[in-house]
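Okay, structure first, notes after.
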Amino acid sequence: MPIEESNCKCPAILIELLSAMELPKVYSPAETEKKWYPAWEKEGYFKPSDAPPEGSRPYSIVIPPPNVTGSLHMGHALNNTLQDVLIRWRRMQGYRTVWVPGTDHGGIATQNVVEKLLQKEKKTRHDLGREKFLESMWQWRKESGDAILLQLRRLGASCDWTRTRFTMDEVFSRAVRAAFKQLFDKGLIYRGPRMVNWCPRDRTALADIEVEHEDRAGQLWHIKYPFVGGGGSIVVATTRPETLLGDTAVAVNPEDERYKSLIGKRLVLPLMDRQIPIVADAAVDPAFGTGAVKVTPAHDAADFEIGERHKLPHEVVIDFSGRMTQRAGRYAGLDRFEARKRVVEDLEAQGLLEKTEDYKLSAAVCYRCGTIVEPLVSEQWFLKMKDMAERAAEATRKGRVKIFPSSWEKPCLSWLDNIRDWCISRQIWWGHPIPVYYCPNSAQGSQLKATGNKSILEHGAASLEHPCPPIASIEKPKKCPSCGTSDLTQDPDVLDTWFSSGLWPFAVFGWPDSSEDLKAFYPTGVLVTGHEILYLWVARMVMLGLEFMKDVPFHHVYIHGIVRDKKGKKMSKSLGNVIDPLEIMDKYGTDALRFSLSTSSIPGRDMQLSDESFMSARNFANKLWNASRFVLMNLEGCRPQPLPSSKEWGLADRWILHELQSTIGDVTAALECYNPAEASRSLYEFVWGSYCDWYVEISKVALTGGDAKAKQAKQTLLVHVLNQSIALLHPFMPYETEELFQALKPYLVKPAENLMIAPWPQDAGASDPIAADKMRLVQDIVTSIRTLRSESVIPPATKIDCALRNVDSKAREILKDPDVKAFIIFLARLGAFDTEAGAKPDEYLFTVFSGGEIYVPSKGVVDKEKEKARLRKNLSQLEHMLQRGQAALDNKDFLERAPKEEVASRRETLQQTRKKIEWLHKNLEGLS
RNA sequence: GCCCAGUUAGCUCAGUUGGUAGAGCGUCACAUUGACAUUGUGAAGGCCACAGGUUCGAGUCCUGUACUGGGCACCA
């Protein structure tokens, strides 16, 4: 029969002992992590409070929604750790916080994943048809869609899961259609045939920003175009000879003396036997290649423009799948690269290839699949950007949106300042259907009929006298407002995935309806992201936020680095150098992963991660664990009580509170300016370097001493400083700190229910430079003695006696403090400690500290030769210092121009160094 | 071609207004009844990329060079 809790009448002291003993020697993350996440969620801490305390301000973050294509990788782990650090910190600061999670349908990327699955069954999406294919897309989304969000829970992400959004859920889709319609009605969205970047693999248009440029080795072919009627030829250079088949002119610069007389003449297009003119256009750079350019208006953006200026015909020789069209004559049906090979061969055979040069070109590739992009003319929807970009740039310039680090501001502005219209239509199936409808009496409608509802990429098929205009509508209209027909067909294209992501910061809060959430949480506090989607996403959110909300979507943009491997390479599946965050969490614990990511996250820099960095974070977690374990094991009889008044603080207490205070300031300031590395490092130093190494050690004096009052004060302070430390650490290491907090709770006055909602530590006015000064002396003497022990190979366990001589007045004053003496005796493991030694001992080991000589009597132990070598080594170091110091003080200019304090302090150190050298010399002499 | 970062110990990186260079990891020595060996103590290890300049004084400010990474443009 189980013992009921209420029946358990164990003495409180036993419970304490038990709870302390329950802490195992080593921190084991797995159990802790399992416990706290559900507990926090159950308490509703992830949701913003419905009844916030008065004056509590809202603070919100929206997640950069990961694509529903896979699982958590290290980049996600970093991005979301940083967001969680910030939101937990703000929550503890008392803000009414919300972090909205969600996922993105991810357009081309996600469609590609499912298409690849189909490929394994040797099927294409066209085999399934649009409807069936979309069914399998939704199936995929259902199965693997939110896996990544589940993994975020493991990471400790304190998202409000009740507000989870997906960019294609019904509510969000309505927002997307509403946004489109508003922009359409305002005349900002237009449709037309334009030269766009076409990915023949994904078979869709891409926006300019979705094209990446890669340096590749290629060739520059010089081709002869003979004049009509003979008389030689003109040579043009090209990297894409297959486009020759679609040439409709050759252009030269009008100022180019070499070609001036040839303008207007006609040429025979090789291989095609068509005649084309030589035109003059200022866009041609006479210095490049031969100074003569072949013009292919249908397959090159620059040529398209030349074509417009000279009214040149378009010869479409490459189709949307990257194959040569019927217009390419005998090359019809060939893949573009196969055609290139054949064209070059044929030109060579006909003696029209003058030469081939190696040439470094930057290939335009699709950012999703890496296929070389083909510039093609097609019918697409565009969003006018100029005005929106201007407003976004203005908001950035005025600081309404601040970018951290600010070095990203300039590139961002220059992108906005040079913006071109945004091609927002995609010829894929997975995405938001464009909310535009056509009636059969519209140009597009009639064309759709002709092509069997498949595509209206090509233009000019229909020629109606009075066509009905396209209808943009949030819901499908019943009939055409122009002609009344109810036979309406929706545009077959979908919207660029970034169009919907661009609405994320307000659509997640319920836009276009006006909601409480929207009022409270827009604009959000900060957007946390990597720089790779700065233009693709961030800039667009600013533009669309200003357009629809009349306000920026966030005040701050925090750009973090990219996660790289040990060798500095970007992590990628194909390189096989990925570190799986889930594995790291299994191996080292979630807190170690988070702490390691935070510590490595230096503003504006990419980070290199390796096992060592996780290990060091894991060790830190264990150190904190054991320090807490020590404190808890020494709280026997301790009751919750307020801090003793400052009068009762001993030297070490004043010092640790001084250090704590500056740590609180440092951590808070570092987080304010998005520098988690500085915040976490400062905490590491404080916890390990100050609290564990010195304060906990020193506290052992009082804990084991007989003074009950001193012991009690020490217990209270140990608990207080530990409690403040874990509070500061909580945003970085939420699990372990929560676990420790629960263990500490019985000793805290009015503790919060959970550390997660405990208040953020405040400046307590505990700055104490005098205590810091005194502790510095303690540390100096202790370290000097330790060095001496180590150099003379005296085991630390052996107690030694120690005497100081020639102590200067400042040090003597400090040594009067009984604490100082006691600490030194304890930390340096001394037997007798004589601070005012008179006579020199007979045999001794010798060293110096900043304020005097240190003698360690050691009868019969001293190896004279070894001791001499040791002292000589010390001496040579000091002499080096003396030399440098003397040089400065011998410099007249320095004495005259440097500030007095500087000169004085140099004099003092020099004096000290001299004294030390003198003492060392004397002792060296004494040895021989 | 233009712009922005970076270059500091073997490795990864700190270094605030200019004042004799710091940490972690790794290495070496010593320590295992200790809160913690995922530990402690100590040591070794640096022409702060290079060349100039400003300054009494430069890792820090200025100019130039080299290399690395990134952004943008050109790309016939």
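Proteins get letters first, then strands, A, B, ... in listed order; numbering begins at 1 in each.
- At B:A14, one or more side-chain N or O atoms of A:R605 fall inside 4.0 Å of OP1 or OP2 (strictly under the cut-off).
- Using atom P as the reference point in both B:A66 and B:U17, the two lie 29 Å apart (nearest Å).
- Using a 3.5 Å distance cut-off with no hydrogens or angles, the side chains of A:N626 and A:Y27 do not pair a donor with an acceptor.
- Residue A:W688 places at least one side-chain N or O under 4.0 Å from the OP1 or OP2 atom of B:G40.
- Between A:E896 atom CD and B:C56 atom P the separation is 10 Å, expressed in whole Å.
- Between the P atoms of B:U41 and B:A23, the separation comes to 13 Å (whole Å).
- Taking only distance into account, the side chain of A:E685 never meets the base of B:A14 through a donor-acceptor pair shorter than 3.5 Å.
- Contact check, A:Q877 against B:A44: a side-chain N or O comes under 4.0 Å of OP1 or OP2.
- One finds a side-chain N or O of A:Q608 lying less than 4.0 angstrom from the OP1 or OP2 phosphate oxygen of B:C13.
- OP1 or OP2 of B:U39 lies within a sub-4.0 Å distance of a side-chain N or O belonging to A:N619.
- The side chain of A:R681 lies closest to B:A14 when the candidates are B:C72, B:A14, B:C36.
- Residue contacts for A:Y359: at a heavy-atom cut-off of 4.0 Å it reaches the sugar-phosphate backbone alone, with no base atom in range.
- Among the nucleotides B:C72, B:C36, B:G70, the one closest to the side chain of A:K25 is B:C36.
- Taking only side-chain atoms of A:K410, from C-beta outward, the nucleotide of B:G42, B:G71, B:C4 with the closest atom is B:C4.
- Across the P atoms, B:C11 and B:G46 are found 13 Å apart, a figure rounded to whole Å.
- Looking at the side chain of A:H531, the nearest of the listed nucleotides B:G70, B:G42, B:A35 is B:G70.
- Comparing the P positions of B:U60 and B:C48 gives an interatomic distance of 10 Å, to the nearest angstrom.
- In this structure, the side chains of A:Y558 and A:S601 come closer than 4.5 Å at one or more pairs of heavy atoms.
- Between B:A35, B:A44, B:G42, one nucleotide has an atom nearer to the side chain of A:M633 than all others, and that is B:A35.
- Annotated stems with RNA chain B as a participant read B:1-7 with B:66-72, B:10-13 with B:22-25, B:27-31 with B:39-43, B:49-53 with B:61-65, given as range with range, by first number; only runs of 3 or more Watson-Crick or G-U pairs under 3.5 Å qualify.
- The side chain to side chain donor-acceptor pair (under 3.5 Å) contacts involving residues 676-689 of chain A comprise A:T599-A:S680, A:N675-A:E678, where partners must be two or more places apart or lie in separate chains.
- Using a cutoff of 4.0 Å between basic side-chain nitrogens and carboxylate oxygens, A:K587 and A:D611 are scored as salt-bridged.
- Here the CD1 atom belonging to A:I234 is positioned 10.5 Å from the OH atom belonging to A:Y225, to the nearest 0.5 angstrom.
- Classification of A:E902 and A:R906 as a salt-bridged pair holds, one side-chain N sitting under 4.0 Å from a carboxylate O.
- The existence of a salt bridge linking A:E791 and A:K866 is excluded, since no basic side-chain nitrogen approaches an acidic carboxylate oxygen closer than 4.0 Å.
- Here the side chain of A:H213 is nearest to one of B:G19, B:C75, B:G42, namely B:C75.
- As judged by a 4.0 angstrom heavy-atom cut-off over every strand, A:K360 is placed among residues making no nucleic acid contact.
- The separation of B:C61 from B:G19, taken at their C1' atoms, amounts to 15 Å, rounded to a whole angstrom.
- To the nearest whole angstrom, the two P atoms, one in B:G59 and one in B:A44, are 22 Å apart.
- Nucleotides B:C13 and B:U7 have their C1' atoms positioned 12 Å apart, rounded to a whole Å.
- In this structure, A:D300 pairs ionically with A:R240, as a charged nitrogen and a carboxylate oxygen lie closer than 4.0 Å.
- Between A:D300 atom CG and B:C75 atom P there is a gap of 8 Å when expressed in whole angstrom units.
- Of the possible polar contacts, none joining the A:N253 side chain to the A:D285 backbone as a donor-acceptor pair under 3.5 Å is found.
- Applying the 3.5 Å distance criterion, the base of B:C75 shares a donor-acceptor pair with the side chain of A:S362.
- With rounding to whole Å, A:L722 atom CG is found 16 Å from B:A35 atom P.
- Remark: A:R786 is positioned above the aromatic ring of A:W694, its terminal NZ or CZ atom under 6.0 angstrom from the ring centre and at most 45 degrees off the axis.
- A distance of about 31 Å separates the C1' atoms of B:C4 and B:G57, rounded to the whole Å.
- Of the listed nucleotides (B:A14, B:C4, B:A35), B:A14 has the atom at the smallest distance from the side chain of A:I602.
- Residue A:R897 has its side chain nearest to B:U55 when only B:A43, B:G71, B:U55 are considered.
- Distances shown here put a side-chain N or O of A:K623 below 4.0 Å from the OP1 or OP2 atom of B:G40.
- Across the protein-nucleic acid pair, A:E791 atom CD and B:C28 atom C1' stand 14 Å apart, rounded to whole Å.
- Rounded to an integer number of Å, the gap from CD of A:E612 to C1' of B:G24 is 11 Å.
- Contacts of A:P405 with the nucleic acid, taken as non-hydrogen atoms under 4.0 Å apart, are absent.
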